[in-house]
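Working notes, structure below.
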2 protein chains.
Amino acid sequence: MDQFKSKVTIDQVAKAAGVAKSTVSRIINNAPGVKPATKMRVSKIIEEMGFTPNLMARSLKTNLRKQIALAINDIRNPYYPELAWAAEQVAKQHGYRLVLINHYGNPSDELAVVREANDMHVDGIIMLPLSKPKTLMAEVKKASVPVCLIGVYEEDIPADSVALTRSEGVLAMEHLIRIGRQRIAYVGRHYQQFRPRSRFSVYQKALESSFLKRDPAHVFLGPTASIQTGLEAAHYFYSLKDKDNLPDAVFTDNDMTAIGLIQGLLNLGVRVPEDIAVVGVDDINWCTLITPKLTSVSSLSTEMGRIAVELLLKRIETGPETEFRRVELEPRLIVRESSVKQL
Amino acid sequence: MDQFKSKVTIDQVAKAAGVAKSTVSRIINNAPGVKPATKMRVSKIIEEMGFTPNLMARSLKTNLRKQIALAINDIRNPYYPELAWAAEQVAKQHGYRLVLINHYGNPSDELAVVREANDMHVDGIIMLPLSKPKTLMAEVKKASVPVCLIGVYEEDIPADSVALTRSEGVLAMEHLIRIGRQRIAYVGRHYQQFRPRSRFSVYQKALESSFLKRDPAHVFLGPTASIQTGLEAAHYFYSLKDKDNLPDAVFTDNDMTAIGLIQGLLNLGVRVPEDIAVVGVDDINWCTLITPKLTSVSSLSTEMGRIAVELLLKRIETGPETEFRRVELEPRLIVRESSVKQL
DNA sequence: CTGTTAGCGCCTTCAT
DNA sequence: ATGAAGGCGCTAACAG
């Protein structure tokens with residue numbers, strides 16, 4: 001194992017160049033106070049020897065890793081790559097690396113993620129939390145570095161955050177009601193506890209305030225934000241005994257599930273949107289690539305990712321002194337074929 | 001910045017427990033030779049103080065990071081998340097963490113990736129290289145840790161590898177020819193240099209050996225494996241002056257581009273597969289979610305990811321002594337609606 | 001069984 | 001402008 005070309009150290013360079021390590025250190029860090037001549041000479045040797053500083057040794061000393069963690073649910077849901085991509089662009093621009101930490105939906109793992117991030121000694125953490133507020137609070141407090149939250153409504157958590165001005169559910173439900181749907185179902189993930197402004201809570205409230213029937217049979221909760229959950233939901237609705245009570249619309253937690261749901265419905269001979277209109281959340285790229293194209297509420301993944309990194313980097317610089325910032329974005333409904341036949 | 005809850009160190013624990021740090025070290029590493037009583041007592045203190053070892057300090061010492069890098073092209077192409085997911089499962093099982101490094105297609109960046117991985121002091125690197133053989137060789141040799149290659153045919157590179165027994169192109173072209181297509185086009189990425197067994201080379205050879213016309217106008221090369229490239233290809237073919245010479249089939253480098261291509265063709269009123277049959281490569285999940293469902297040659301992303309990690313971990317253990325291993329998988333053609341109307 | 005010591009590779013005063 | 005020395009947090013001999 002040690003026969004692999006071992007990394008050259010700053011000492012070796014110093015020795016080879018006949019200078020002290022501190023001089024080499026100054027050079028690789030562009031520190032002032034090195035005679036141009038020696039700088040040039042040593043730089044050449046550095047180049048020749050292929051020396052690159054051991055980042056871990058460096059950060060052990062400086063306590064700076066130039067690295068931020070992005071805790072996500074499942075990399076296989078395109079929503080996260082889209083967000084991560086945008087976040088990475090900004091991070092890179094500032095000389096930071098973005099490290100993804102997957103916690104496949106198990107909300108109890110969110111705490112593990114924080115611990116992991118602590119251990120890795122990243123400079124900051126971006127989270128898209130699923131936990132209930134109390135747990136989340138504990139998580140954030142356990143973090144030994146700044147945290148930036150995405151998509152969280154609670155206001156009293158010691159972290160910067162980016163969120164929407166209102167739940168995606170509001171736009172989705174408004175839309176379905178406006179186009180005259182009467183029996184609107186809900187398909188989504190099962191949370192430990194639904195936040196007051198969660199998509200599901202909003203769904204329930206919207207039904208009430210428009211005097212639509214709230215039928216427990218019209219709610220299907222799966223374990224993950226996946227195609228699979230959508231397929232299962234389709235079979236579930238189809239298996240309802242009371243065929244007259246089939247939903248005529250479904251508001252879906254997320255686009256992946258919505259896409260699975262549509263797939264499942266079509267397989268069962270249900271027409272979308274004629275028989276059942278479907279609205280998702282996230283507006284992932286694939287919305288326009290399936291048939292029918294999926295109506296969705298954009299949760300602004302790329303903007304969120306970008307802003308989260310910006311907030312976090314600012315916080316890393318300024319420290320916890322300044323007041324926590326909260327950026328709010330306006331969600332957008334994008335109407336496509338899965339909810340209205342003719343646009 | 002330093003007002004954030006600072007991490008507690010092994011010294012603090014040792015002091016608080018009234019033992020030497022080495023004892024604490026032995027305990028957190030489950031090393032033998034600690035009296036159960038003290039172990040119990042100190043463990044409790046560790047728990048109370050919330051101590052977790054600084055992984056960077058540890059690896060500075062042990063030269064082991066329990067971390068492997070996966071160098072990928074673009075996280076937004078679902079092929080990579082699928083592969084990364086599988087790789088991560090195996091890595092986690094062995095106590096390793098998987099770190100993704102994106103090098104958005106710029107093949108010259110592949111070298112940068114190796115350097116980056118070196119700097120990060122990961123224990124090994126998995127690559128899906130795009131570079132031409134000579135460059136690739138240089139890259140692998142620059143690595144200071146074991147490398148495992150995915151999808152490379154060259155045999156003389158000092159690295160373990162997982163690859164297919166034959167190019168995906170063989171299966172794709174066989175299929176298109178068998179179903180009687182005469183004017184088969186190619187859409188793909190532009191490489192610095194096409195390897196002999198690359199998809200494009202195989203495409204050309206297949207045309208020759210079946211005495212089909214090789215028309216330069218039937219080749220469209222884009223910069224990336226993206227939807228966008230597919231859309232552009234569709235417009236390109238449509239804009240050909242010689243309408244009688246439109247292709248009746250397209251072999252596409254990758255599924256993303258194939259999906260974009262189909263989308264573009266449908267928008268232009270071209271029927272798929274009646275007018276143009278389309279075959280992709282990778283067999284990403286989305287193949288079955290679009291309409292028409294995409295015929296594709298599976299490049300076995302999850303198996304590749306899994307095996308690559310296994311090979312790499314074995315190599316990390318054994319070192320460079322043992323001969324480099326090469327695992328070969330049989331590619332599979334999955335026929336769907338984009339190439340034949342009735343299955 | 002437990003403590004002492006000596007670095008891992010780097011940065012950072014403090015001298016020179 | 002450069003060198004010498006100390007230490008970041010941890011592990012790994014070597015003593016006791």
Side-chain angles (χ1 to χ4, degrees), chain A residues 1-2 5-43 45-46 49-67 118-123 144-145, chain B residues 1-2 5-43 45-46 49-67 118-123 144-145:
Chain A
M1 167 71 212
D2 282 324
K5 204 186 64 179
S6 70
K7 295 230 43 176
V8 11
T9 73
I10 198 173
D11 295 82
Q12 299 172 23
V13 176
K15 203 150 297 173
V19 296
K21 332 185 270 179
S22 41
T23 302
V24 182
S25 174
R26 287 187 189 102
I27 289 171
I28 60 181
N29 292 306
N30 271 318
V34 180
K35 204 200 296 177
T38 41
K39 180 162 186 172
M40 195 124 303
R41 190 168 57 81
V42 177
S43 296
I45 296 183
I46 289 176
M49 301 182 67
F51 166 72
T52 62
N54 181 328
L55 296 187
M56 300 188 335
R58 169 180 289 174
S59 23
L60 185 58
K61 188 73 195 166
T62 62
N63 213 26
L64 270 182
R65 217 137 159 0
K66 291 287 188 181
Q67 189 166 283
N118 280 345
D119 289 353
M120 295 179 71
H121 268 234
V122 295
D123 303 307
S144 52
V145 290
Chain B
M1 167 70 212
D2 283 325
K5 202 185 64 180
S6 70
K7 296 229 46 176
V8 10
T9 73
I10 198 172
D11 294 84
Q12 298 172 23
V13 176
K15 202 152 298 173
V19 297
K21 2 183 237 175
S22 44
T23 302
V24 182
S25 174
R26 285 192 265 264
I27 290 171
I28 59 182
N29 291 307
N30 272 318
V34 180
K35 202 202 296 177
T38 39
K39 180 161 186 172
M40 194 124 303
R41 191 167 56 82
V42 177
S43 296
I45 296 184
I46 288 176
M49 301 181 67
F51 166 71
T52 62
N54 182 328
L55 296 187
M56 301 189 333
R58 169 181 290 172
S59 23
L60 184 58
K61 186 72 193 166
T62 60
N63 211 26
L64 269 182
R65 211 126 161 21
K66 291 288 189 178
Q67 189 166 282
N118 280 345
D119 289 353
M120 295 178 71
H121 268 236
V122 294
D123 303 307
S144 51
V145 290

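Bear in mind the structure is a predicted one, so any value in this text is a computation, not a measurement. Chain letters run A, B, ... following the sequence lines, proteins first and then strands; every chain starts at 1.
- Side chain of A/Arg41 to main chain of A/Ala17: a donor-acceptor pair is present (N/O by atom type, distance under 3.5 Å, no hydrogens or angles).
- For the pair B/Asn63 CG and C/dC10 P, the computed distance is 12 Å after rounding to whole Å.
- Separating the CD1 atom of A/Ile10 from the P atom of C/dG7 is a distance of 18 Å, rounded to the nearest angstrom.
- As rounded to whole Å, 18 Å separates atom P of C/dG9 from atom CZ of B/Arg58.
- Rounding to whole angstrom units, CE of residue B/Met56 and P of C/dC11 are separated by 12 Å.
- If you find the closest nucleotide of DNA chain C to B/Ser22 and to B/Leu60, the one lying nearer the 5' end belongs to B/Ser22.
- In terms of modelled atom types and a separation under 3.5 Å, the side chain of B/Asp123 and the main chain of B/Lys66 share a donor-acceptor contact.
- Here C/dC14 is the nucleotide among C/dC11, C/dC14, C/dT4 with the atom lying nearest to any side-chain atom of A/Arg26.
- In this structure, NZ of B/Lys39 is placed 11 Å from P of C/dC1, rounded to the nearest angstrom.
- A/Leu55 comes within 4.0 angstrom of nothing in the nucleic acid, heavy atoms only.
- In this structure, A/Thr9 does not reach the C/dG9 phosphate: none of its side-chain N or O atoms is under 4.0 Å from OP1 or OP2.
- Counting to the nearest Å, the P atom of C/dC8 and the CG atom of B/Asn54 are 18 Å from each other.
- Side-chain N/O atoms of B/Thr38 include one lying less than 4.0 angstrom from OP1 or OP2 on C/dT2.
- Distance A/Ile28 CD1 to C/dC11 C1': 9 Å, rounded to the nearest Å.
- Residue A/Ile27 is classed as having no contact, given no heavy-atom separation below 4.0 Å to the nucleic acid.
- Remark: A/Asn29 is in phosphate contact with C/dC11, judged by side-chain N or O atoms under 4.0 Å from OP1 or OP2.
- Of the two residues near DNA chain C, B/Gly33 and A/Phe51, the one whose nearest nucleotide lies more 5' is B/Gly33.
- Scanning atom types as modelled, one donor and one acceptor separated by under 3.5 angstrom connect the side chain of B/Lys61 and the base of C/dG7.
- Although no hydrogens or angles enter the test, the distance criterion places no donor-acceptor pair under 3.5 Å between the side chain of B/Asn29 and the main chain of B/Ala31.
- Under the 4.5 Å side-chain criterion, counting only non-hydrogen atoms from C-beta, A/Leu64 is not in contact with A/Ser59.
- Nucleotides of DNA chain D with any atom under 4.0 Å from a heavy atom of chain A span, from 5' to 3', D/dA1 to D/dG9.
- Side-chain polar atoms of A/Arg58 and A/Asn63 form no donor-acceptor pair below 3.5 angstrom.
- Around atom CE of B/Met49, more than 12 heavy atoms belonging to other residues, nucleotides or ligands sit under 6.0 Å away.
- Distance CG (B/Leu64) to P (C/dC8): 16 Å, rounded to an integer number of Å.
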Kindly determine whether B/Lys39 and B/Thr23 satisfy side-chain hydrogen bond (donor to acceptor under 3.5 Å, both in side chains), including the steps that lead there. CA-CA 9 Å; B/Lys39 180 161 186 172; B/Thr23 302; over 6 Å; no
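- Within 4.0 Å of A/Ser25, counting heavy atoms only, lies at least one base atom of the nucleic acid.
- Closest approach of B/Lys7 to A/Asp119, counting heavy atoms only: NZ-OD1, 3.6 Å.
- Looking at the side chain of A/Lys21, the nearest of the listed nucleotides C/dG9, C/dC11, C/dA6 is C/dC11.
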